[in-house]
Asks: 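I'd like to ask you about the structure that follows.
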Amino acid sequence: PHFIVHLPRGNMDVCFNIDSKPGHILNLVSDSGTGLAVNGQLIGSKKMRKNKLNTYFGTISIYYQPEGIGVTVSTTGINVTDGRNNHTFAWASTAEITQDGVRISIIKEEQVSVTMNDSIKVTVLLHRVWKKHPINVDFLGIYVPSNNQYSPLVHGLIGQFSREPEVRVYNIGQGVDPLKMEATMEVKGNRLHVTRGWQKDYRQDKKRGSNIYCWFIHNSGKGFIDGHYTDYIVPQLHSFLHR
Amino acid sequence: AVLTSEEQEDFEAIRGDDITVKSYKVESRITSRFVHTTVKSSVVNSGSKAQSIGFNVQIPKRAFITNFTMNVNGIVFVGSVKEKTVARNLYAQARARGKSAGIVRANSLDMETFKTEVHIPPGSNIEFELHYQEMMSRKLGMYEHTLHLQPGRLVPHFQVDIYIFEPNGISMIQTPHTLGKQFIDIIKVTQTKHKAHISLKPTLQQQRKCENCTETIIDGVFAVQYDVERESNTGELQVSDGHFVHFFAPSNLSPLRKNIVFVIDVSGSMWGVKMKQTVEAMQAILDDLTIDDYFSIIDFNHNVRCWSEELVPGSSIQVKDAKKYIQNIRPNGGTNINEALMRAVQMLVRASNQGLIDPRSVSMIILVSDGDPTVGEIKLSTIQKNVKRAMREEFSLFSLGIGFDVDYDFLERIATENRGIAQRIYANHNAADQLQSFYRRVSSPLLRRIAIQFPDDSVSEVTQNRFDKYFSGSELVVAGKVLPSESNTLTSLITASAARLDITLQTDVDTTELDAELAKQEHSFTGFARQMWAYMTVKQLLSERSLAPSAVKKRKITQQIMSIALEHQFVTPLTTLLVESQDATERLLADSPKDPKHGCCSGGLGLGGGSSAPGPTPVHVVYHPPPWVQMTTPAPPSQAEKGPEEWTLPKRVTIVDND
């Protein structure tokens, strides 16, 4: 999956890919302060393309510990559990479900938004592909707003950027590909070689998406994210990140 | 249809009989759970004398007859539904002229027998055709369509066709072996995603009871069970012919917790098999309780006893103790229903006041009784009032009436008035299974306070759209008229509460799609939504009518029922089917029969059949002595002029009336 991180103060977007294995669960947000854990499990495409197996999010889990509620969104349906009860909703439904402080809005075949105590919101988009496509599979996209009110303890592949890092980009110049500029980025004490490119935001236009121009970090976000991407692999869908 | 040479031989052999049934064909067209059934029979008087030829069909009590036609030697009699008084006047006129005949409609418990007889000269041909419509309700995760097949004799052309069209797809279909195992290979089921065709077309040889028998083995219930695909929990919203039907049967939801008080009649009349089977059922029912459920047991005869004065959790220890208690009950004495129900309500009220009851749980009283009250308050209307007054909005009453000595109407009234349902249990047909099956239907409440709503300017004349509970495996159905609009979309919004969850579900449908699809289907029932709306509305109004608080209100409801029944051609308790010859000179009447008076059934007249069917076989009750019925056609000669080839006049004409 690809990640786009919007940095409001720096007025720029930074992006990177995480290339891991199907089945791996990546922690996206882990906030032991508010009790929120958001994890994404990877699925692979049906076949390799150019000797590479692309991975996507096939399942996104949003677990809100204070209410004991877990919302597991997969490409086949939406499951709401609270330890004792288990309710399943299909993507074919437009539904609104409220349980204690958690509100789940499902828009038929489009998206699910989970809002916790009106302060934290996570939106998951469904991307359907042609069932008989030789390579592609249905997958999910996750969108987390910058104004979510996490605790200072928040971390995770996305969560860590709620504290916006200082980013400086310089040495902007022509790259190997004449259409893509290259530059040097200084972030978190690292000096990184970055490439100007674009990735898609599908919130407005789910079919074609809108291009978001961003500075691309190579090697699975190495240097931009804290540690190595493998540090964010967790054992279960409801797991918090242990640091 | 042309007979094969072998069949022709058989047919010739049958012709030796006095009456030959040339063909017997039953066709059901099911579209979105609504069924239109046609029963056609072609009969010849192959004897040398004039004789009566009968046409008997058993139809489910919930069905409405929509038409009956006869063709006697080319003279066609066509049916039309009329207001009862209008039909009676027309019939009286015909009767005064000696040109009338009767149709008997006898009532049993679940079934009703439509029966007519026509007296015709030798060599005459007569064709009968009966139409009825019904809506199937989903129970324990499936719909069941049953046909009672009783041709009475071997029939050269015997055929049953059931065509199912379900717009959302058929998820499973099966034909249980209710008619007999010998039909397993003869019943053909053809199925595609949306359609199914079930056919039964036995040859004469296959119909014989034994190789050389001349009696038919076909005598029983032919059943088809199926369920439909449900893509989502929002249900199916279908629009056709200016009417909509919304089916709502969500699954994959956790059941709500239950608080149950079992109220069991242990009066003397329960002695024997009834008590044995009740105990057997209760053992299984109690095993089904979970630690999240609360329960207690009240047993009553002239006295009322509680196994536990308070509701207790369904733990294994409590369940074991309750089972032991039930096992030791020895029925005797009278029946004090009022006191028992009051104690049950008080128990729930107390638990509620003590905060023992989770506000999202379901509280229910399950009453099992086999007889009328004999001790304490015995006036049924007073008991009904007492129960209604004592019950709280969040409690429901479910009634099970065992056997025939119980006033089932009363049990049904108190159940429906208190947000529950009633069921009759046939004591002689494995009552334990029936009790357990009923319990299974109500043991998994998934949702409470369900409202199915539509934007005000999009629909009108909507049937009941608020429901207290939804049970797993059942279905809630709402129908109405779609108002003209520029938009081709109809939206419904369902709100409900589940265990800890509040849910709002939205469904949108293109209002033109289904009609376009139905037009392509050869065997679909194109007017299903319109008829289904009328069927549901009439059923609802009939039930409101029985509870109407004033004469004015009752009259208003009566007018509404009549207007819909006439427009949609339903024979209801307030309308009559008048069957007239084309020149309107000869008439028959078919009214809807009265319910049998309870306790009347021991001397009931069996109308045959049903013995091979599993489950309860209804006892057929004719509440009037079967009338001596004749039909005259053409114009009757006087008795003095009558020759052997001529038609007999009715000596007495009886019509069955019930209002």
Side-chain angles (χ1 to χ4, degrees), chain A residues 35 59 61-118 123-124 126 128 131-132 138 140 206 238, chain B residues 167-169 171 228-237 246-258 290-293 358-362 444-453 470 472 489-510:
Chain A
T59 305
S61 157
I62 299 130
Y63 177 59
Y64 191 51
Q65 205 173 34
E67 309 290 357
I69 298 171
V71 181
T72 307
V73 184
S74 73
T75 52
T76 52
I78 298 105
N79 189 256
V80 183
T81 54
D82 61 16
R84 184 191 293 271
N85 300 301
N86 192 345
H87 308 283
T88 307
F89 298 88
W91 275 107
S93 322
T94 291
E96 182 133 337
I97 300 137
T98 44
Q99 177 165 349
D100 304 315
V102 179
R103 194 170 73 245
I104 304 150
S105 298
I106 305 169
I107 299 176
K108 186 179 172 179
E109 296 295 332
E110 293 277 333
Q111 65 177 62
V112 179
S113 292
V114 183
T115 311
M116 283 136 288
N117 282 336
D118 290 326
T123 300
V124 178
L126 173 68
R128 287 251 190 255
K131 264 189 185 152
K132 291 177 184 169
D138 292 347
L140 302 172
K206 213 179 88 173
H238 286 182
Chain B
N168 269 38
S171 62
V228 303
E229 293 283 358
R230 285 178 185 81
E231 244 186 288
S232 75
N233 274 345
T234 54
E236 293 165 63
L237 182 53
H246 195 316
F247 301 97
F248 183 53
S251 54
N252 296 325
L253 298 169
S254 284
L256 301 166
R257 295 177 189 192
K258 303 183 288 288
T290 70
I291 190 75
D292 291 335
D293 301 321
D358 173 356
R360 283 182 177 269
S361 65
V362 168
S444 282
L446 300 186
L447 294 171
R448 285 203 59 199
R449 298 186 199 93
I450 306 108
I452 302 178
Q453 289 164 300
Y470 164 73
S472 177
T489 304
L490 178 66
T491 302
S492 80
L493 209 63
I494 302 173
T495 54
S497 64
R500 286 188 69 190
L501 292 180
D502 288 321
I503 302 171
T504 305
L505 303 162
Q506 188 187 317
T507 311
D508 301 301
V509 68
D510 184 319

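Source: prediction; values computed, not measured. Below, chain A is the first sequence line, B the second, and so on; all start at residue 1.
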Asks: Between atom CG of B:Asn233 and atom OG1 of A:Thr88, what is the distance when rounded to the nearest 0.5 Å?
Replies: 8.0 Å
Asks: Measuring from atom NE2 of A:His87 to atom CZ of B:Arg500, what distance do you get when rounded to the nearest 0.5 angstrom?
Replies: 9.0 Å
Asks: Would you list the atom pairs, donor with acceptor, under 3.5 Å between side chains in residues 63-71 of chain A and any protein atom, with sequence neighbours excluded?
Replies:
residue : atom : partner  : partner atom : Å
A:Tyr64 : OH   : A:Asn117 : ND2          : 2.7

Asks: Considering residues, nucleotides and ligands other than B:Glu229, do more than 12 of their heavy atoms fall under 6.0 Å from its CD?
Replies: yes
Asks: Just wondering, do A:Arg84 and B:Asp292 contact through their side chains at under 4.5 Å, heavy atoms?
Replies: yes
Asks: Strictly distance-based, threshold 3.5 Å: is any side-chain N or O of B:Ser254 a donor or acceptor partner for the main-chain N or O of A:Asn86?
Replies: yes
Asks: I'd like to verify something: which residue of A:Ala95, A:Ala90, A:Gly77 has the highest number of heavy-atom pairs under 4.5 Å with chain B?
Replies: A:Ala95
Asks: Going from CD1 on B:Ile503 to CD1 on A:Ile104, what distance comes out if it is rounded to the nearest 0.5 angstrom?
Replies: 9.5 Å
Asks: Distance from A:Ile106 atom CD1 to B:Thr504 atom OG1, nearest 0.5 Å?
Replies: 11.0 Å
Asks: Check the pair A:Lys108 / B:Thr234 against side chain to side chain contact (heavy atoms under 4.5 Å, CB included), numbers first and verdict last.
Replies: CA-CA 10 Å; A:Lys108 186 179 172 179; B:Thr234 54; over 6 Å; no
Asks: What part of B:Arg257 is in contact with chain A, defined as an atom under 4.5 angstrom from a non-hydrogen atom: side chain, backbone, both or neither?
Replies: side chain
Asks: With rounding to the nearest 0.5 angstrom, report the CD1 to CG distance, A:Ile97 to B:Asp502.
Replies: 10.5 Å
